[in-house]
Number of protein chains: 2
Amino acid sequence: MPDEEGHPSREEMDLRCVMNALADPLRYQVVSALVKDAEDKERHCSSFGLPVSKSTRTHHFRILRQAGLIRQVDRGNSRMAHLRRADLDARFPGLLDLIRQNPAALPGSD
Amino acid sequence: MPDEEGHPSREEMDLRCVMNALADPLRYQVVSALVKDAEDKERHCSSFGLPVSKSTRTHHFRILRQAGLIRQVDRGNSRMAHLRRADLDARFPGLLDLIRQNPAALPGSD
DNA sequence: GGCTAGGTACGGCAAGGATCGAACCTCATC
DNA sequence: GATGAGGTTCGATCCTTGCCGTACCTAGCC
């Protein structure tokens, strides 16, 4: 079962759940940005420039977290997100390569 | 641009569109079944045992077709579907392997 | 030609989910 | 302790979409 913060274990990850998370353009944009980052780089949840309100952002990050795509950790006041690269590579080999080769069409965020 | 029947060319395929198509359990089930089949095997659209009406089936197959996952060809009265294996392997290498390794949890069809 | 089976198109209904604002919580800072 | 920034939760709204039935089209068959 997922931990208290909703992170599934590597074995619990479900491909359809991941697909569903990636089907949304905002969420794909976040994951695509994380994939391009350096290994395990942590990013502020508000650093992706999502054109939505705080509550909507929380909603999208929860879906990404519950799908197992990202891990969120508390850093004092803020919350940092980073790709679960090792878990994803182990559980869904090739997935991150696919995303890397198909970057999100961002409105000027490259 | 897609042809008259809505099949996108290999270059037109969009990963998010594919993800969106695969996010639905019924559609994932269809693609998962096709992936397990022999190379380029054609299947009757009604041979997947989808628990929905004809019109809903048409709806789902259209989405799969427009995403580029399957190709539908007229065979007289019926319409046969087959995986666009070569196109998918070229455009999204590793995707079909992911699906193959994560079969749909079918209600008694294994 | 008439019938049937397989598919599609259309209109409508209902569930899911993307969105927001407001209220609240927590931590860091002053 | 007060303040402010960053996040979450809640309730409401609205749009998408999965679903169906009906009507219609086409091909094959009698």
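The analysis underlying the following values was restricted to heavy atoms, covering all of them including side chains, and did not include hydrogens, waters or symmetry mates. Sequence lines set the chain letters: A, B, ... in the order given, protein chains first and strands last, and positions in each chain run from 1.
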Send over the distance from [X] [atom1] to [N] [atom2], rounded to a whole Å.
X: A/Leu22; N: C/dA18; atom1: CG; atom2: C1'; answer: 17 Å
X: A/Phe61; N: C/dG17; atom1: CZ; atom2: P; answer: 19 Å
X: A/Gln72; N: D/dG6; atom1: CD; atom2: C1'; answer: 12 Å
X: B/Met80; N: C/dG7; atom1: CE; atom2: C1'; answer: 14 Å
X: B/Ile63; N: D/dC19; atom1: CD1; atom2: C1'; answer: 12 Å
X: A/Asn20; N: D/dT16; atom1: CG; atom2: P; answer: 17 Å
X: B/Asp24; N: D/dT16; atom1: CG; atom2: P; answer: 18 Å
X: A/Arg43; N: D/dG7; atom1: CZ; atom2: C1'; answer: 18 Å

It should be established whether [X] places a side-chain nitrogen or oxygen under 4.0 Å from OP1 or OP2 of nucleotide [N].
X: A/Arg62; N: D/dT9; value: yes
X: B/Arg79; N: C/dT8; value: yes
X: B/His60; N: D/dC19; value: yes

Q. Are A/Glu11 and A/Arg91 close enough, and set up right, to give a salt bridge (Lys or Arg N to Asp or Glu O under 4.0 Å), and what steps lead you there?
A. CA-CA 7 Å; A/Glu11 294 75 21; A/Arg91 183 71 180 78; over 6 Å; no
Q | Pairs involving residues 18-28 of chain B, ordered by first then second residue, that meet side chain to side chain donor-acceptor pair (under 3.5 Å) (sequence neighbours left out) | A | B/Arg27-B/His60
Q: Taking the side chain as every heavy atom from C-beta outward, state whether B/Asp89 and B/Leu95 have any atom pair closer than 4.5 Å.
A: no
Q. So do the side chains of B/Ile70 and B/Arg84 get within less than 4.5 Å of each other, counting heavy atoms only?
A. no
Q: Indicate whether any N or O donor in one side chain lies under 3.5 Å from an N or O acceptor in the other, for B/Arg16 and A/Asn102.
A: no
Q. When you check the side-chain N and O atoms of A/Ser53 and A/Thr56, is any donor under 3.5 Å from an acceptor?
A. yes
(Q) So, using side chain to side chain contact (heavy atoms under 4.5 Å, CB included) as the criterion, who are the partners of A/Asp74 when residues are at least two apart? (A) A/Arg79
**Q.** Contacts of A/Lys54 that satisfy side chain to side chain contact (heavy atoms under 4.5 Å, CB included) - sequence neighbours left out
**A.** A/Arg57
Restricting both atoms to N or O, compile the protein contacts to nucleotides 25-30 of chain C shorter than 3.5 Å, with distance only.
unit_1: C/dT26; atom_1: O2; unit_2: A/Asn77; atom_2: OD1; d: 3.4

Q) Which listed nucleotide (D/dC19, C/dG7, D/dG7) is nearest to the side chain of B/Ser46? A) C/dG7
Q) If you look at every strand shown and take non-hydrogen atoms under 4.0 Å, does B/Asp74 touch a base, only sugar-phosphate, or nothing? A) nothing
Q: Under 4.0 Å from any atom of DNA chain C, heavy atoms only: list the residues of residues 49-59 of chain A that qualify, in numerical order.
A: A/Val52, A/Ser53, A/Ser55, A/Thr56, A/His59
Q.
Could you work out, with ring-ring contact (aromatic ring centres under 6.0 Å, His included) as the rule, every residue matching A/Phe61, not counting sequence neighbours?
A. A/Phe48
